[in-house]
Amino acid sequence: LPYPIALSCFIFGWSEWAVLLPAVVFGALTTLLLGLMGRSLFDWRTGLLAALIHAFNPFNVFWAQHCFHPSQDQFFALLTIWLFYLAIRHAGKLEPKYWYGACLCFCLMYLSWEGSGFLLPVLAGALLLMHPGRWAWLRQPQLWMGLIAVASVVLIEMSMRKMAAPGFLFLGYGLALLNPSPTSFLNPESMPSYYVSSILLTEPHLLLTILCGAGVLFAWHNRAVRYCLLVFVGLLVFFSLFLPVYSVRYFYFYQFLLILLPCGVLFLLWDQIRELTSEWRTARLLAWGSGITALLLVFGTATETGLKVFRLAEQTSQGRSRVDPSMRYGMVRQDTRSPAQFVASQLRPGDIVLANLTQAFYLYGGRMPDFGMNMLLATRMIYLNDYGAYRHRFVGIPMVRNMRDMQKIFDQGRRVWYLGGGSLTLQAQDVKDALDIVFQRSKMVYATYHAKVYLWDGTATLAQQTVT
């Protein structure tokens, strides 16, 4: 667990409320800091609009409600990028207090999620491009002291990851593979346009992306716009071309730049138009009207407040919209609480429980399931020689990989509970064959949104299987 979640559980006890509290706190603090950052880099209007969009954007609301590290990463990433800008805003000179603050926040961000370490080369490139030819900052001892501290934290963390982790044999392909490759975009399976098609050109982010393009054309001379563009484009290019795995949550830790930058560009362009039309009353009224309309349009689409541009969602090969639950209000993932509580209330001694979300069943069901079966094709498992079997990489329970493993469970002649959900279209054929045994032999005894519970009573015939 991330340390804030562990600390919250230590103070308030092991409960759903304690687990979710740190994400809520980091999400709220990020909204506040984004407003302050917008006022610092641009003006109070930019800060207010950026904070409002961040507070109501479904992408941010989603991660502020989940016990995971993205909201924590975004909080420290915002502080790092903001303090770094304050440290380098004067050509040829680093301001020590902001520089040391940026180094500290970077270390906290990196310890929250190692993938955010890719921000380091992007900030270095932004420093070189913001003030080309001004090298006086190289002679400042504060620069090297901060770099030594950051490099020490990064090297120690990487060494502990390599040395402390046992030499397990991993099977599968997972999102934890954060090893960058300079040639990953040459792989035929790579998707360099993933973040463009999945985030930038979909639903609440389209108008924000257009305003970013307007910033390149009409506001490049502004120092804050130039800095935000360099950092945003640098991270986007790096994660798109040099990382072999893709996920919308990898975009999230710097997603606030996609909010702050367009808000700043919007008001800069508005001020320029007002200045050009200040001598003509009709033109001035048109400028005010168009500016207010653009403001409401940006806020409405970015927060789903009255404007629901769902047809902008990415389309599948079958012509259907591919919607990530984190991108839209009203979209829910698999229900884990009520199925686990239902099974826990019906369990008898000797029953076997097979769950696809093992930790959730442990939280709501009060016990660890006997077997795990994650529905994603990218699942990684570990092989333990002591057991001679593949095990869940987090909790160590046996994993069901194919039809043979599932048949062994049913051959034990006991009651078998299966808790699952999600779509079957993204699963490997071995997983589908294993699930066919469950669907053909078992009865569905409970169903809720994106979750179903199946029961097979191995102690009775199929016609005699009942549930209270």
Side-chain angles (χ1 to χ4, degrees), residues 29-30 32-51 54 74-110 116 118-150 211-212 214-238 253-269 271-272:
L29 291 178
T30 302
L32 175 62
L33 286 178
L34 183 59
L36 297 175
M37 182 180 179
R39 187 183 66 174
S40 174
L41 270 63
F42 298 98
D43 55 26
W44 68 269
R45 300 171 302 172
T46 300
L48 178 60
L49 179 59
H54 188 275
Q74 190 182 68
F75 174 79
F76 289 116
L78 188 151
L79 282 175
T80 302
I81 294 173
W82 183 14
L83 292 173
F84 188 80
Y85 171 80
L86 296 177
I88 68 169
R89 56 184 168 177
H90 300 300
K93 178 184 177 181
L94 288 177
E95 296 193 28
K97 61 178 181 179
Y98 296 123
W99 169 248
Y100 288 141
C103 292
L104 174 62
C105 291
F106 177 86
C107 293
L108 295 174
M109 176 189 65
Y110 181 76
S116 58
F118 300 141
L119 179 61
L120 187 61
V122 173
L123 292 180
L127 174 60
L128 296 175
L129 295 175
M130 283 290 291
H131 307 293
R134 306 291 185 89
W135 309 102
W137 47 269
L138 287 172
R139 296 191 294 268
Q140 291 187 238
Q142 295 89 348
L143 170 70
W144 303 106
M145 294 173 61
L147 287 179
I148 290 174
V150 169
L211 283 174
C212 285
V216 176
L217 298 176
F218 303 107
W220 180 257
H221 62 278
N222 184 278
R223 180 175 59 192
V225 170
R226 189 164 63 250
Y227 172 75
C228 292
L229 276 171
L230 289 173
V231 175
F232 178 74
V233 174
L235 288 170
L236 184 64
V237 170
F238 198 97
F253 86 97
Y254 62 97
Q255 179 254 5
F256 66 91
L257 290 174
L258 186 58
I259 298 176
L260 177 63
L261 178 59
C263 292
V265 171
L266 174 64
F267 287 110
L268 286 173
L269 294 178
D271 291 341
Q272 292 179 12

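When reading the values below, keep in mind they use all heavy atoms of this one structure, side chains included, and skip hydrogens, waters and symmetry mates. It should be emphasised that the depicted structure is a prediction, and the values quoted were computed from it without experimental measurement.
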For the atom pair [atom1] ([X]) and [atom2] ([Y]), what is the distance rounded to the nearest 0.5 Å?
| X | Y | atom1 | atom2 | result |
| --- | --- | --- | --- | --- |
| L120 | F106 | CG | CZ | 4.5 Å |
| L211 | L261 | CG | CG | 8.5 Å |
| L78 | M109 | CG | CE | 11.0 Å |
| L33 | S40 | CG | OG | 11.5 Å |
| C105 | F75 | SG | CZ | 7.5 Å |
| T46 | L41 | OG1 | CG | 9.5 Å |

For [X], side-chain contact (heavy atoms from CB on, under 4.5 Å) partners two or more places apart:
| X | value |
| --- | --- |
| P96 | Y100, Q142 |
| L129 | L230 |
| A214 | F218, V265, L269 |
| V216 | L229 |

Inset, instruction - Quick one: list whatever passes side chain to side chain donor-acceptor pair (under 3.5 Å) with T30, sequence neighbours left out. - result: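 Side chain to side chain donor-acceptor pair (under 3.5 Å) check on T30 returns nothing, list empty.
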Legend entry - Listed partners of D271 passing salt bridge (charged side-chain N to carboxylate O under 4.0 Å, His left out), at least two apart: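 Listed in chain order: R45, R274.
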For [X] versus [Y], what's the shortest heavy-atom pair and its separation?
| X | Y | answer |
| --- | --- | --- |
| A149 | C107 | O-SG, 4.5 Å |
| F253 | A77 | O-CB, 3.5 Å |
| C103 | V150 | CB-CG2, 3.8 Å |
| L268 | A219 | CD1-CB, 4.2 Å |
| L34 | A50 | CD2-O, 3.6 Å |
| C212 | P262 | SG-CG, 3.6 Å |

Inset, instruction - Tell me, with the steps shown, if Y110 and L119 meet side chain to side chain contact (heavy atoms under 4.5 Å, CB included). - result: CA-CA 9 Å; Y110 181 76; L119 179 61; over 6 Å; no
Inset, instruction - Spell out, as yes or no, whether a donor-acceptor pair under 3.5 Å connects the side chain of T80 to the backbone of F76. - result: yes
Legend entry - Qualifying residues under ring pair (Phe, Tyr, Trp, His ring centres under 6.0 Å), relative to F256, sequence neighbours excluded: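 Partners of F256 under the ring pair (Phe, Tyr, Trp, His ring centres under 6.0 Å) test: none.
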Legend entry - Residue pairs fulfilling salt bridge (charged side-chain N to carboxylate O under 4.0 Å, His left out) with at least one residue in residues 95-106, sequence neighbours excluded: R89-E95
Inset, instruction - May I ask you to test the L49-L266 pair for a side-chain heavy-atom distance under 4.5 Å? - result: yes
Inset, instruction - Tell me, with the steps shown, if L236 and Y254 meet side chain to side chain contact (heavy atoms under 4.5 Å, CB included). - result: CA-CA 9 Å; L236 184 64; Y254 62 97; 3.9 Å; yes
Legend entry - Heavy atoms from other residues, nucleotides or ligands near CZ of R39 exceed 12 (cutoff 6.0 Å):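 Check fails, neighbour count at 12 or below.
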Inset, instruction - Sequence neighbours left out, what pairs pass side chain to side chain donor-acceptor pair (under 3.5 Å) with at least one residue falling in residues 119-141? - result: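 Counting only pairs at least two positions apart or across chains, no side chain to side chain donor-acceptor pair (under 3.5 Å) contact touches residues 119-141.
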Inset, instruction - Among L258, L260, I81, find the residue that satisfies the side chain to side chain contact (heavy atoms under 4.5 Å, CB included) test when tested with F232. - result: L258
Inset, instruction - Keeping to residues at least two apart or across chains, list the ring pair (Phe, Tyr, Trp, His ring centres under 6.0 Å) pairs with something in residues 77-97. - result: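 Sorted pair list: Y85-Y227.
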Inset, instruction - Determine, step by step, whether L138 and W144 satisfy the side chain to side chain contact (heavy atoms under 4.5 Å, CB included) criterion, reporting the C-alpha distance in whole Å, the side-chain angles of both residues, the deciding distance to 0.1 Å, and the verdict. - result: CA-CA 8 Å; L138 287 172; W144 303 106; 4.2 Å; yes
